[in-house]
Number of protein chains: 4
Amino acid sequence: MNNQSPPLKEKTRHERRIQRQRRVIMDASAMLFAQKGYRATTIRDIAQAVDMGESTLYGYFTGKQEVLQTILSQQAEMVDSLLVHLAELPDRKSFVDLVDLLMEKILTGAVYNRVVIAEAWIDDEVLRGFVLAHWRPILDTLQDFISARISAGIFRPIDPGLGARMIVAFFIAAVLPVLRGVEPPPSPRQRRRLAESTVELISGGFNARMG
Amino acid sequence: MNNQSPPLKEKTRHERRIQRQRRVIMDASAMLFAQKGYRATTIRDIAQAVDMGESTLYGYFTGKQEVLQTILSQQAEMVDSLLVHLAELPDRKSFVDLVDLLMEKILTGAVYNRVVIAEAWIDDEVLRGFVLAHWRPILDTLQDFISARISAGIFRPIDPGLGARMIVAFFIAAVLPVLRGVEPPPSPRQRRRLAESTVELISGGFNARMG
Amino acid sequence: MNNQSPPLKEKTRHERRIQRQRRVIMDASAMLFAQKGYRATTIRDIAQAVDMGESTLYGYFTGKQEVLQTILSQQAEMVDSLLVHLAELPDRKSFVDLVDLLMEKILTGAVYNRVVIAEAWIDDEVLRGFVLAHWRPILDTLQDFISARISAGIFRPIDPGLGARMIVAFFIAAVLPVLRGVEPPPSPRQRRRLAESTVELISGGFNARMG
Amino acid sequence: MNNQSPPLKEKTRHERRIQRQRRVIMDASAMLFAQKGYRATTIRDIAQAVDMGESTLYGYFTGKQEVLQTILSQQAEMVDSLLVHLAELPDRKSFVDLVDLLMEKILTGAVYNRVVIAEAWIDDEVLRGFVLAHWRPILDTLQDFISARISAGIFRPIDPGLGARMIVAFFIAAVLPVLRGVEPPPSPRQRRRLAESTVELISGGFNARMG
DNA sequence: CATGAATGAGCGTTCATTCAT
DNA sequence: AATGAATGAACGCTCATTCAT
């Protein structure tokens, strides 16, 4: 029999329990941080939301600050994970896939991103350490993508920097209302259609083609 | 005796003084709210910034909350004032003027807008009462503007809602880094050029024209 | 069957185990109480020091308070045990032996005594119940000892109370730095020499003898 | 008239008020620290003792810690002030004056010294930074004093280090019960007599002079 | 018997606001 | 009108102790 690893399993079970609890706390905290802001959210609020004693939380996090830090770090990792996909995309798949993927990734865990943005909007350290630092490679990749298409004669010769920023702009415009919670998250179908429209408009612009 | 108007004048002078002080307090507060967030900014911080006693502030505002409310209201009025200009623009002036004007208005008092955004991002009441309520007419106007151009055959038949959102998207992309303070405010020249590039890209898209 | 005494033996073995554990816990606690103070020492500190779960400690003591009480009681018993030796000493052995013995007893388990002093210095109940109550007989014995020597013409006629206090004074001076941990505990040889010097000075004073 | 310095006086008045309040708080705190220990004394205890709101205390001290620090520093200064007197004494005045002076200084503000001792007994930093550091010069002076008397043939040739420690020993023995509060502070007369007895015993020892 | 998890009570501290001058 | 002083309410956090396994 394979009962050679009970100690491992035992440990894993315990650790899984802890991880599960941390998740529960983080989810509730993110929800509250998103709705009221980090500062205005009290430990009591969080404890109430997860139905624990306040002091119990301190068994899973060293304090309110660490809950936020963990949320930020987790989202930073999420952003990093985008890069892996992006790097291979431009050649193999269409522009639409790229936009669709970015949207999907961002909107998954929308509440968490709302928290990240809220903090980054106020705190320089968060902005630089967690947002700019991790998004920069994405922007660079986009810029390379545009440059390559210009070289290939697919795009007309525009400033790649401005171009990259514009893609991000559409992005933000599409995604912000959902993150903020004024629009419901789109279904995969809706998201795909939005991505297609977006790419079409970016590609062709508003202007009518002259016959 | 010369007591014809002195009471009036006295009162006016006094009121002007009060208004001046309220301005000073609001400016300092907005600066601090922008940098540290409303919650994290203490009355003591503000009093120190304007070099007054803490309790003196209560002679000009009923409390910290009212300082914020006043900032929000003021910026809501600013947004309303955009509408007046916008309403006449589409016919007389170019698209570029429109974008340029919007940018200019938004970036004037950037700190105030940063505060508005920070609060609206967190507080539903602020979002609805001060932001959505006042920006909605602007969006509608943009949508009308696009519809009109489609009817006129200038734009190709796209969804006007999506179009309006895209204009706002560029807008946000151009303006957000300045509001956030990661980019310096552009000079009028730079702003104009940015507006031109933006409009050009919106109009023509990225794609190369086929011969 | 051989179950005549097993229950007894079993119980005894068990009790010994418990006593051993209590000792371990008390030693670690005394160390920590001495270094950081009773209040500042947490159950967690103790548990960590003895490598047990925190709640396990409650199987051996009813709480932190009882650990302290046990330490205090134990040292009170130690002081009582001094009396047995003292009572017979003055006649049979020299003054030096007396001082030496006291020093040895006090410095054995120095950490425990440091804790006792710390508590007695702060808590009236501890001072009266554990320190004064048990030291009083020692002081009385010393006083009797001095009175007897005065009667015998060995000491000159001084106030026996003041004399007893002075012996204790030398005592404290010699012992306090070791208890406090600013001096290492003396070797038996060093202790003997210190006792001799002390007694010599007490006997003869500082003054040079006039020819 | 001498009303040229009102601003100075005004400032002084305000500062005096603050100093007075700090004194009140320190006195009450020292009392409580002495009775229950620093750790066991809560801000609420202190606030209650001085009949203030808890938060009011923070207008005078940055926290509980600073109250203790101030007490410690103050007593350290007191000890330093002893040195000034000591330096001139040995030649001009008698040994008795020296002992009497030391006693008086130590017993003035006995509660404060009790707190200092309590902390020094537990906290190494306090012991070294506030006690040893400031008492060392006193001990050195005593040692010099003894050496000088030995050279002059007044004292017999004993170890000056041991001698100094013995003087301190008597000192501690005389003073400790008062600091601890088990004996009332002596009147100046009583103190003088105690000093005289002490010096006599130190000088001549217990032993009867042999005819 | 041993223990990690849970928790209520309470701590030191902050701060928007009010009060007395 | 201006202000330093005062404060209640609430916050983040700790810890001795209990509980469930």
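In the text below, chain A, chain B and the rest are named by the order of the sequence lines, each starting its count at 1. Values below: all heavy atoms of this structure, side chains included; hydrogens, waters and symmetry mates excluded.
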Touch check for [X], heavy atoms < 4.0 angstrom, all strands: base, sugar-phosphate only, or nothing?
X: Thr62(C); value: nothing
X: Ile43(B); value: base
X: Arg17(C); value: sugar-phosphate
X: Ile46(B); value: nothing

Nearest-angstrom distance from the residue atom [atom1] of [X] to [atom2] of [N]:
X: Tyr38(B); N: dA16(E); atom1: OH; atom2: C1'; value: 9 Å
X: Glu54(C); N: dA5(E); atom1: CD; atom2: P; value: 10 Å
X: Tyr58(B); N: dA16(E); atom1: OH; atom2: P; value: 7 Å
X: Leu57(D); N: dA5(F); atom1: CG; atom2: C1'; value: 13 Å
X: Arg22(D); N: dG4(F); atom1: CZ; atom2: P; value: 18 Å
X: Ile25(D); N: dG12(E); atom1: CD1; atom2: P; value: 15 Å
X: Gln48(A); N: dC11(F); atom1: CD; atom2: P; value: 11 Å
X: Met52(A); N: dG8(E); atom1: CE; atom2: P; value: 13 Å

Can you name the nearest heavy-atom pair linking [X] to [Y], along with the distance?
X: Ala120(D); Y: Val131(D); value: CB-CG2, 3.6 Å
X: Val111(B); Y: Ala34(B); value: CG1-CB, 3.6 Å
X: Val126(C); Y: Val116(C); value: CG1-O, 4.4 Å
X: Thr41(C); Y: Lys64(C); value: O-NZ, 2.8 Å
X: Met52(C); Y: Thr56(C); value: SD-CG2, 4.1 Å

If you find the nucleotide of DNA chain F closest to Ser55(D) and the one closest to Gly63(C), which residue's nucleotide is nearer the 5' end?
->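 Looking at DNA chain F, the more 5' nearest nucleotide goes with Ser55(D).
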
Between Ala40(A) and Arg44(C), which has a closest nucleotide on DNA chain F that is more 5'?
->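 It is Ala40(A) whose nearest nucleotide is closer to the 5' end.
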
Distance test, side-chain N/O of [X] to OP1/OP2 of [N], below 4.0 Å:
X: Gln21(A); N: dA5(E); result: no
X: Gln65(B); N: dT17(E); result: no
X: Thr56(A); N: dT7(E); result: yes
X: His14(D); N: dA5(F); result: yes

Nucleotide of dT13(E), dA2(E), dA2(F) approaching Tyr60(C) most closely (side-chain heavy atoms) =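 That would be dA2(E).
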
Which base sits across from dT21(F) as a Watson-Crick or G-U pair, both distances under 3.5 Å?
->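 Check on dT21(F): paired to dA2(E), both distances under 3.5 Å.
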
Assigned partner base of dC11(F), Watson-Crick or wobble definition, under 3.5 Å |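 Check on dC11(F): paired to dG12(E), both distances under 3.5 Å.
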
Name the residue closer to the 5' end of DNA chain E, choosing between Asp51(A) and Gly59(C) according to the nucleotide with the nearest heavy atom.
->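 So the residue in question is Gly59(C).
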
Could you verify whether a donor N or O on one side chain and an acceptor N or O on the other, from Gln65(C) and Tyr38(C), lie under 3.5 Å apart?
->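 Yes, Tyr38(C) and Gln65(C) have a side-chain donor paired with an acceptor closer than 3.5 Å.
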
